[in-house]
Number of protein chains: 2
Amino acid sequence: MLNSSADSHLEKGIVTQLRGYLAQIDLADDGRLPPERELSAALGVSRTELRKALDVLEAEGQLWRHVGKGTFMGSRPLDTFADIAALARRSNPAEVMRARIVMEPEICRAAAFTATPEDIAEMRMCLTRSRQAETWRQYEAWDTRLHRTIAEASQNTLLLGLFDTLNAVRRAVTWGRLRTEPVKPLPDHHSFAEHEAIVDAIEHRDIAAAAAGMRAHLQTVERKLLDRQ
Amino acid sequence: MLNSSADSHLEKGIVTQLRGYLAQIDLADDGRLPPERELSAALGVSRTELRKALDVLEAEGQLWRHVGKGTFMGSRPLDTFADIAALARRSNPAEVMRARIVMEPEICRAAAFTATPEDIAEMRMCLTRSRQAETWRQYEAWDTRLHRTIAEASQNTLLLGLFDTLNAVRRAVTWGRLRTEPVKPLPDHHSFAEHEAIVDAIEHRDIAAAAAGMRAHLQTVERKLLDRQ
DNA sequence: TTGGATACCAATTTTGTTTTGGTTTATATT
DNA sequence: AATATAAACCAAAACAAAATTGGTATCCAA
């Protein structure tokens, strides 16, 4: 009654039966299909045979499975590493600057639309404090706060969240050589004028100038950083 | 509400008592101090009075509190919400589209520089598969994969990480209205031609066209999304 | 040897309970 | 009248217990 060809035919039969079943049911929003125990009962096959059929479909890339989670149609979601530490480990200062140059000018453009007088007042305070800074640490604190205030002013919580993530990675990334420079920021430090140009542009609702100013500023930072001045 | 001198003297007494207590105990390494109910008993003060004293210290920035968590010494950690769920809760579809329009065109520009032939081959496969899609679910899977392949091709792990974060938020955000559209993507769906224009630009190393194509594509998506209904 | 039923495992999700800061209300107390 | 106290209640968060789920091994039968 049974031979090898009949066996494979039987298995293929279950696979096609499963294919039909999957095509007919409309699965949940996340593409999850019933647990194996239910599915085997619904199809009238043993769990062992069902799993063989699922193995085939998984090998074809039509579905993916995970213990405790379930079985899902489509391709396995790629491991999205939102973990700051993991990101910082794989990244480097050059990438951080690239990412800043991608994101911050556009965030700044949005901020020029939506910044409130309070936002701008806080930006101006950051400018003043950063000029008064007695140490590089203080300067960086006010610089960081200025950039974040601009991101806040965009009034887009998602962009702000992405900015924060980027910032956290920036802090976590290993920068190798550090401030060998003069102990305190000199009055003619390039950032001062650039920062003021940016805030001016935001205050005057000059969208293009705001974005361009931020881009120019970050490119200067990048150049100073990578060229070793 | 103003206090008489006698009242403020009393309250200050509790505040100083609390200060002494906090100086003497060695708190856990997370800076957490005992719950209010314990603390009030330990100090022999009613919870109401203790809370007034804690209000003072909190206003001074010496500690911060959060329901369910507890009371902690030091300054409240800057709420850098890299947490996807928290981000999704505060965000909305409009912000997601804005953020995509900010990030993806620039990522696409970078990809046009650095994409390998293998990257481009995978993009082309995504194009083909998305055209063959029999359901919206399948289409979206290949659409998502195309966009991520482009992000991968930028060869910037940080930008890729930010892209993944954005994508995770996109999936988690509540979209309200759902597919009322035809059961499967029609052959003249706008995305097909737009996607192909983007991949063509990347393949020909046309940096500007790649960025512009992606921007145009996402703006079309945004328009379709927000205008209708 | 093959297939089926069963039990078990570890990862994960779901559910329920406890804890915690915040708030209100009734009752003394002065 | 003003205010402190105690108690109860709330929602957010943490914590713990239970139920699911894919993966695997075992035993049994055909």
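Convention: sequence-line order gives letters A, B, ...; per-chain numbering from 1.
Checked against salt bridge (Lys or Arg N to Asp or Glu O under 4.0 Å), A:Arg124 has the following partners two or more places apart in sequence or in another chain: A:Asp200, A:Glu203. For A:Glu106, the salt bridge (Lys or Arg N to Asp or Glu O under 4.0 Å) partners at least two apart in sequence or on another chain are A:Arg109, A:Arg215. Applying the salt bridge (Lys or Arg N to Asp or Glu O under 4.0 Å) criterion to B:Arg32, with sequence neighbours excluded, gives no partner residue. By the salt bridge (Lys or Arg N to Asp or Glu O under 4.0 Å) test, A:Arg47 pairs with A:Glu36, sequence neighbours left out. B:Val45 pairs by the side-chain contact (heavy atoms from CB on, under 4.5 Å) definition with B:Ile14, B:Gln17, B:Leu43, B:Glu49, not counting sequence neighbours.
A:Lys52 places its NZ atom 15 Å from the C1' atom of D:dG23, with the value rounded to the nearest Å. Here D:dA13 presents its P atom at 11 Å from CH2 of B:Trp64, a figure rounded to the nearest Å. Between A:Leu54 atom CG and D:dT21 atom P there is a gap of 14 Å when expressed in whole angstrom units. Between the CE atom of A:Met73 and the P atom of D:dG22 there is a distance of 14 Å, given to the nearest Å. If you take CG of A:Leu50 and C1' of D:dG22, they are 11 Å apart, rounded to a whole angstrom.
Aromatic pair B:His195/B:His190: centroids not less than 6.0 angstrom apart.
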List, with names and distances, any nitrogen or oxygen atoms from the protein found under 3.5 Å away from nitrogen or oxygen atoms belonging to nucleotides 20-25 of chain C.
residue, atom, partner, partner atom, Å
C:dT20, O2, B:Gly68, N, 3.2
C:dG21, OP1, B:Thr71, N, 3.4
C:dG21, OP1, B:Thr71, OG1, 3.1
C:dG21, OP2, B:Glu36, N, 2.9
C:dG21, N7, B:Arg37, NH1, 3.0
C:dG21, N7, B:Arg47, NH2, 3.3
C:dG21, O6, B:Arg37, NH2, 2.9
C:dG22, OP2, B:Arg51, NH1, 2.8
C:dG22, OP2, B:Arg51, NH2, 3.4
C:dG22, OP2, B:Arg65, NE, 3.4
C:dG22, OP2, B:Arg65, NH1, 3.2
C:dG22, N7, B:Arg47, NH2, 2.7
C:dG22, O6, B:Arg47, NH1, 3.0
C:dG22, O6, B:Arg47, NH2, 3.4

